[in-house]
Number of protein chains: 2
Amino acid sequence: MGSKTKKVPKASSKVNKEATHYHHGDLRQACLEGALKFIEQGEPNFSLRDLARKIGVSHQAPYHHFKSLGELLAGLAEAGYSEFANKLLEARSKAKGRALPAMGLAYTRFAYEKPHHYRLMFLDARVRIGEHAGLGAEAERSFSELLKGVEHDYKSQRLSRAQILSKAAAVWSFTHGLSCLLLDGRLDICGLKAPLSQKDFDGLSPV
Amino acid sequence: MGSKTKKVPKASSKVNKEATHYHHGDLRQACLEGALKFIEQGEPNFSLRDLARKIGVSHQAPYHHFKSLGELLAGLAEAGYSEFANKLLEARSKAKGRALPAMGLAYTRFAYEKPHHYRLMFLDARVRIGEHAGLGAEAERSFSELLKGVEHDYKSQRLSRAQILSKAAAVWSFTHGLSCLLLDGRLDICGLKAPLSQKDFDGLSPV
DNA sequence: AGCTAATCTTTACGTTGTCTAGATATGGCA
DNA sequence: TGCCATATCTAGACAACGTAAAGATTAGCT
C-alpha cells in the first residue's frame with residue numbers, strides 16, 4: 001500500500017506500562033486491533049500475513065509479540081470474555097426480580113451482536129482454553145457471574161452447592177446451545193430468529 | 001502399507017450405480033473413508049494432499065469427485081447425521097415411558113463417542129449446511145426425530161404446533177449446549193464429566 | 001477398431017506459516 | 001557522552017497447501 005505512512009518512532013515521553021514502543025508505537029496492540037477488525041467484519045480466517053499487511057509491517061513482525069496465531073486469537077477471546085462477563089453482571093444487577101431470565105437474554109444478545117467474537121470464544125478450535133493464563137481466568141469470571149445469578153434466584157430454596165452447580169450447568173447449556181443454534185440459523189425451522197425478545201426467551205427457557 | 005494391494009480395475013461386470021470405476025476402484029468412496037479415518041483419529045485439519053497420499057493417488061485426483069474440501073466434509077457430515085438420526089430413532093422407540101430423556105442421553109452419547117464427527121456436523125465452519133443438498137435433508141431428519149419425541153411426551157397436553165416447535169427448540173438447545181460444553185470440558189467446573197448416565201442427564205434436564 | 005468422455009497425473013502458480021539471519025532502534029551503564 | 005546488550009523489526013528462504021491448466025490413460029459405446 002502507501003509507502004508514505006511513516007510510523008511514529010517517538011511515542012515515548014512517559015512510558016508507564018510495557019507497551020508503547022519503537023517503530024510502530026505499539027505493535028502488539030495494533031495486532032490485536034487489526035485482528036479484531038478482521039473478526040468483526042466476518043473474516044475470522046485471516047492469515048497472519050494479511051494482518052501484517054493491514055498494519056503495514058513485515059510478515060514476520062507479529063511473531064515477536066505472539067508465539068502463534070493461536071496466542072493472538074486467545075488474546076482477543078480473553079477481551080471478549082471480559083466484555084461478556086460485564087454484560088452478564090450488568091444484566092444481573094439491573095434485574096428487578098429474577099436475574100436469570102435477564103442474564104440469559106443478555107447472553108444470547110451478546111452472541112447475536114458479536115457472532116464472530118462469540119464463535120472465537122466458544123467454538124473456534126484454534127483457541128485452546130487452558131493453554132493461556134488470562135483466557136481461562138476471564139472465562140471463569142463469566143461463569144461465576146452465571147453462578148451468582150443462580151444463587152440469587154434460588155436463594156430461598158437453600159440448595160446445596162452441588163445443586164447450585166447443577167442448575168448453573170443446566171442454564172449454561174441451554175443458553176449456549178440456544179445461542180449456537182440461533183447463530184447458525186438452525187432454529188429457523190422452529191420459527192425462531194435472533195434477536196430474541198425477553199418474551200421469546202422466557203417462553204423457551206425451562207429454568 | 002503393502003504395495004501389493006493392487007486395485008481392481010475390473011469391477012464392472014454389472015455396473016448398477018455410478019461408482020465402482022477405473023484405476024482406483026471407487027475413489028470417491030475411498031476419499032470419504034480416508035477422511036473419516038483422519039477425523040475419527042482426531043485430525044480434522046488434514047489436508048487434501050494428506051488424504052491423497054494416504055489413499056495413494058495424485059493430490060489432484062480427489063478434485064474430480066469433490067469440488068472442494070468443504071464438499072468432502074459435507075459428505076462426511078451427512079453420513080454422520082444419518083447415523084445420528086438413527087440413534088435418536090432407536091432411543092425413542094426403545095423408551096418405555098417418556099422418550100425425551102432417553103433421546104437426550106442418546107444425543108449426548110453420540111457426541112461423546114464421536115466427538116470429532118459431532119464437531120464436524122455442528123461446529124465446523126467449513127461445513128455450510130444449506131449449501132449441500134443431502135446434508136440439510138439428513139440434518140432435518142435428525143430434528144424431526146426430536147420433534148417426534150416431543151410430540152410423544154406431550155401428546156396428552158394437546159399443544160399447538162407452535163408450542164411443540166418451541167418445546168423442541170428448547171430441548172435441542174439444551175442438549176446441544178450440554179454436549180458442546182461437555183466435549184470442551186467446560187463443565188468440569190460443575191463436577192460434570194462425560195459420559196453422562198441417565199441419572200446425570202435427568203438431574204440436569206429441565207424438560 | 002476407433003471415438004468420446006470420464007478419470008487420473010503432471011506441472012505450475014500464488015499464498016501460507018515458520019525458520020534463520022541480518023538490520024535498526026532503545027535504554028542502561030561506563 | 002559513547003557504547004553495547006537487547007528488544008524490535010525486516011528480508012530471504014523453505015516446505016506445504018489449495019487450486020488451475022493441460023496432457024495422459026482408461027472405460028464404454030458404436
Side-chain angles (χ1 to χ4, degrees), chain A residues 1-3 5-32 34-35 38 43-74 124-128, chain B residues 5-32 34-35 38 43-75 124-128:
Chain A
M1 305 290 174
S3 56
T5 53
K6 249 339 178 63
K7 305 102 195 178
V8 271
K10 277 294 180 58
S12 56
S13 57
K14 273 180 187 174
V15 182
N16 26 0
K17 296 251 170 127
E18 37 90 28
T20 69
H21 287 314
Y22 312 134
H23 304 139
H24 191 86
D26 188 346
L27 184 53
R28 184 187 161 85
Q29 188 60 27
C31 284
L32 287 173
F38 271 121
E43 295 182 65
N45 293 319
F46 67 94
S47 73
L48 268 184
R49 289 169 110 110
D50 282 336
L51 179 60
R53 269 189 291 272
K54 166 177 265 189
I55 297 176
V57 294
S58 80
H59 66 269
Q60 197 64 338
Y63 272 89
H64 295 276
H65 298 276
F66 302 96
K67 266 187 297 188
S68 66
L69 179 58
E71 195 172 292
L72 196 162
L73 296 177
D124 198 311
R126 296 171 298 179
V127 178
R128 299 231 166 275
Chain B
T5 55
K6 248 339 176 72
K7 305 103 196 177
V8 271
K10 278 294 182 59
S12 58
S13 57
K14 275 180 186 173
V15 182
N16 25 2
K17 294 255 169 120
E18 39 90 30
T20 70
H21 286 314
Y22 312 135
H23 304 138
H24 191 87
D26 186 348
L27 185 52
R28 184 185 161 85
Q29 188 60 27
C31 284
L32 287 172
F38 272 120
E43 295 182 67
N45 292 319
F46 68 95
S47 72
L48 268 185
R49 290 169 109 110
D50 282 335
L51 179 59
R53 269 190 291 272
K54 166 177 265 187
I55 296 176
V57 294
S58 80
H59 66 269
Q60 196 67 333
Y63 272 88
H64 296 274
H65 298 275
F66 302 95
K67 265 188 298 188
S68 66
L69 179 57
E71 195 172 292
L72 197 162
L73 296 177
D124 198 311
R126 295 171 298 179
V127 177
R128 300 229 167 277

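Between B:His59 and A:Leu48, the residue anchored closer to the 5' end of DNA chain C is B:His59, taking for each the nucleotide with the nearest heavy atom.
Between the side chain of A:Arg49 and the base of C:dT18, a donor-acceptor pair under 3.5 Å is found.
Looking at heavy-atom distances under 4.0 Å, B:Asp50 makes contact with sugar-phosphate atoms alone, never a base.
When rounded to the nearest whole Å, the span between CG of B:Asn45 and P of C:dG17 equals 14 Å. D:dC17 atom P lies 12 Å from atom CD of B:Glu43, rounded to whole Å. Note: CG (A:Leu51) to P (C:dT16) measures 12 Å, nearest angstrom. Straight-line distance from the CZ atom of B:Phe66 to the P atom of C:dC8: 11 Å, rounded to whole Å. The CD1-P distance, from A:Ile55 to D:dT10, rounds to 10 Å in whole Å. B:His64 has its NE2 atom 15 Å from the P atom of D:dT26, to the nearest Å. Between the C1' atom of D:dA16 and the NZ atom of B:Lys54 lies a distance of 18 Å, rounded to the nearest Å. Regarding A:Leu27, its CG atom lies at a distance of 16 Å from the P atom of C:dA25, rounded to whole Å.
When all heavy atoms of A:His65 and A:Arg28 are compared, the closest pair comes out as O-NH1, 3.3 Å. Contact between B:Leu51 and B:Ala35 at its shortest, heavy atoms only, is CD1-N, 3.5 Å. Here the shortest heavy-atom pairing between B:Asp50 and B:Ser47 reads N-OG, 2.9 Å. Nearest heavy atoms, A:Cys31 versus A:Leu72: CB-CD1, 4.3 Å. Smallest separation of non-hydrogen atoms from A:Ala52 and A:Ser58: CB-O, 3.4 Å.
Taking every side-chain heavy atom of B:Gln60 into account, C:dT10 is the closest of D:dG18, C:dT10, C:dC8. In this structure, of C:dT9, C:dT16, D:dC9, it is C:dT9 that holds the atom nearest to the side chain of B:Ala61.
For the pair A:Tyr63 and C:dT18, the criterion of a side-chain N or O lying under 4.0 Å from OP1 or OP2 is met. Residue A:Arg53 places none of its side-chain N or O atoms closer than 4.0 Å to OP1 or OP2 of C:dT15. Here B:His65 does not reach the OP1 or OP2 of C:dA6: none of its side-chain N or O atoms lies under 4.0 Å away. For the pair B:Ser47 and D:dC17, the criterion of a side-chain N or O lying under 4.0 Å from OP1 or OP2 is met.
With axes fitted over five pairs at each extremity, the angle between the ends of the helix from C:dA1-D:dT30 to C:dA30-D:dT1 is 10° (10° resolution).
B:Phe38 has its side chain within reach of B:Lys54: a pair of non-hydrogen atoms, C-beta onward, lies under 4.5 Å apart.
With sequence neighbours excluded, no residue satisfies ring pair (Phe, Tyr, Trp, His ring centres under 6.0 Å) with A:Phe66.
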